[in-house]
2 protein chains.
Amino acid sequence: MPRVRTKVAREAAPKPSFDRGAAREQREAMILDEAIRFFADVGFAGQTRELARRLGLTQPALYKYFQSKEELIEKVYQRVFISRWKSEWERMLTEPAVPLKDKLERFYLDYARIVVEHNFIRITMQAALAGDRLTSRYVTQVGERIVPRVCHAVREAAGLPPIADGELSARELQTVWDLQGAIIYLAVRHHIYGFAPLEPLETSVRGIVATFIAGAPQVFGELARVDAGETVRKARTGRKSGSSLSK
Amino acid sequence: MPRVRTKVAREAAPKPSFDRGAAREQREAMILDEAIRFFADVGFAGQTRELARRLGLTQPALYKYFQSKEELIEKVYQRVFISRWKSEWERMLTEPAVPLKDKLERFYLDYARIVVEHNFIRITMQAALAGDRLTSRYVTQVGERIVPRVCHAVREAAGLPPIADGELSARELQTVWDLQGAIIYLAVRHHIYGFAPLEPLETSVRGIVATFIAGAPQVFGELARVDAGETVRKARTGRKSGSSLSK
DNA sequence: GACTTTGGTTATCGTTTGATAACTAAACGC
DNA sequence: GCGTTTAGTTATCAAACGATAACCAAAGTC
């Protein structure tokens, strides 16, 4: 029964042999990186043989690192998403005494640099289309940790009273989601539709933030006035809402 | 040589037999509609057998209508894209004497109803990821026929002089693309990421347009002032650009 | 230096999957 | 009515593709 013997030996393996393990993980990471590029390119229907070829390996060699294609894809997801969430983002958006414009620009410039990237957006989109959960997890995080904080920041700048996350109106939240959308669409247009950007990423992000800042607080303010009957105006400059521009 | 005889007979086929052809086209359309739903669901890697099953047919029957899976997908593209471009959009955006807000709301409400739709956005995205040309054609059309017209409309409302399409700055065009992006992202969030909308589509579209109108003309105006040295101000209400809100 | 583990190979297996062949029954034209 | 088309069937092919088996050489362990 050599089978059993092997199994026992493996389970009892006493010395994991430091370097070996590290080297293996490094190798696995290299494969994952190539897999990310590969699947971002051709989609998850891409063949393991082709991936192996790109790595300069034979196809069965992949199975020394991953039990199945499915597991490989799962690890690709994890590597893509986990490595692209920065915990400081939440801090950046709550830092007190930073003017709204600076706060949003700093955050969205950083965020966009991570998110408007070929492999990230393509993997994300393919994963989402395939119904994978991790993608929604990422978007859920944005919805829980980013969007409300931006809302609060805008409310503060618009002179509205602070409220809890749960009390933010759908309208306020959606307005911030629209800002998100404009950022993400930069990535979609470039990396999925394949159109060259019209200008540097930084310029676009600043522009999106500028339009938002010029528009959103006013929208928030109008919401508040509708809700509360004109009580909150201190941050508004007395301009009539519907000037010649909007009518 | 029965082969040749058949061929000749087919080529010379004198009476296309009205109803037959019509019925066939109808049947083909039915299949295409199901194929759209199917591929939107599972992606273009979906099996022809499964599609046939959904249609209540056997798989080889599909090949009476399409020479290959590729051709079927090609026709799916055409059906999806061609049927969803309205030529009146271009007219709606150039109609004179309609206030900017009304013009944009009317157009984007209609546009969103077409574009923020399960099958459309999913097929579009999958096709784009697969590198298909028709998708880019659709986006190109938006870029050529919609975006510049919106730019002109905004310029007009902001009191800026009319210019040719080619003279629109990257900054102006991108600002309008960002508006597009916010609309499309409504579809992505709902139909690809799978999150329930926070509010009715119409409300979101009106909100996006409102934010844009409150923000964009100001941005356009500032652009113009930078370019031309404060000469164009007639449509502005005298509010300082960077009020307490943005600083 | 014998023994084991590891990372790789070549050969191959079993499904899956697009596509075709061969046939059939109903509909159609005359 | 009789031959022809046509829309469908069943059976089947050939290639693609994920996965496994069996083997091998180099490195590591004792």
Side-chain angles (χ1 to χ4, degrees), chain A residues 2-32 34-35 38-39 42-76, chain B residues 2-32 34-35 38-39 42-76:
Chain A
R3 276 283 176 119
V4 172
R5 213 169 65 88
T6 317
K7 215 171 190 177
V8 167
R10 196 169 285 165
E11 274 168 13
K15 296 183 183 165
S17 170
F18 288 55
D19 283 332
R20 279 288 196 94
R24 187 193 166 85
E25 273 178 30
Q26 221 174 340
R27 195 106 179 78
E28 183 178 319
M30 271 184 45
I31 295 179
L32 275 178
E34 186 62 44
F38 175 64
F39 289 131
V42 308
F44 291 115
Q47 309 173 19
T48 53
R49 278 170 172 77
E50 172 65 12
L51 170 58
R53 201 189 55 71
R54 287 205 196 185
L55 282 158
L57 291 174
T58 57
Q59 180 241 6
L62 293 176
Y63 289 82
K64 299 289 173 172
Y65 295 90
F66 312 98
Q67 287 196 347
S68 65
K69 188 183 178 182
E70 207 182 321
E71 187 194 298
L72 167 61
I73 291 176
E74 199 58 40
K75 290 197 177 175
V76 161
Chain B
R3 276 282 173 118
V4 173
R5 213 169 66 89
T6 315
K7 215 171 190 179
V8 167
R10 195 168 286 165
E11 275 168 11
K15 298 185 180 163
S17 169
F18 287 56
D19 283 332
R20 279 288 194 92
R24 186 193 168 86
E25 273 177 32
Q26 220 173 342
R27 197 107 179 77
E28 183 178 321
M30 271 183 46
I31 295 179
L32 275 179
E34 186 62 44
F38 176 64
F39 288 131
V42 308
F44 291 115
Q47 307 173 20
T48 52
R49 277 171 174 76
E50 172 65 14
L51 170 59
R53 202 190 54 72
R54 287 206 196 185
L55 283 159
L57 291 175
T58 57
Q59 180 242 6
L62 293 176
Y63 288 81
K64 299 288 174 177
Y65 295 89
F66 312 97
Q67 288 196 346
S68 65
K69 188 183 179 183
E70 207 183 321
E71 187 193 298
L72 167 61
I73 290 175
E74 199 58 39
K75 289 197 178 174
V76 162

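Since we're looking at a predicted model, the values are computed, not measured.
At whole-Å resolution of the value, CD in A:E70 and P in D:dA19 are 8 Å apart. If you take CD of A:E71 and P of D:dT20, they are 11 Å apart, rounded to a whole angstrom. One interatomic measurement links the two molecules: CE of B:M30 to P of D:dA7, which rounds to 13 Å at whole-angstrom precision. Separating the CG atom of B:L55 from the P atom of D:dA7 is a distance of 15 Å, rounded to the nearest angstrom. In this structure, B:Q26 places its CD atom 15 Å from C1' of D:dA7, rounding to the nearest Å.
One finds the NZ atom of A:K69 at 8.0 Å from the OH atom of A:Y63 (value rounded to the nearest 0.5 Å). We find the CD1-CZ distance between A:I31 and A:F38 to be 13.5 Å, quoted to the nearest 0.5 Å. Taken from CZ in B:R27 to CG in B:L57, the straight-line distance is 5.5 Å, to the nearest 0.5 Å. Distance CD/B:E50 to CG/B:L55: 10.0 Å, rounded to 0.5 Å.
OP1 or OP2 of C:dG7 sits under 4.0 Å from a side-chain N or O of A:R24. OP1 or OP2 of C:dG8 sits under 4.0 Å from a side-chain N or O of A:R27.
In this view, A:E74 satisfies the salt bridge (charged side-chain N to carboxylate O under 4.0 Å, His left out) rule with no residue, not counting sequence neighbours.
Residue contacts shown for B:R49 include a base, since a base heavy atom lies under 4.0 Å away.
Residues of residues 56-69 of chain B that place a heavy atom closer than 4.0 Å to DNA chain D, in numerical order, are B:L57, B:T58, B:P60, B:A61, B:K64, B:Y65.
With a 4.5 Å cut-off on side-chain heavy atoms, B:F66 and B:V76 do not count as touching.
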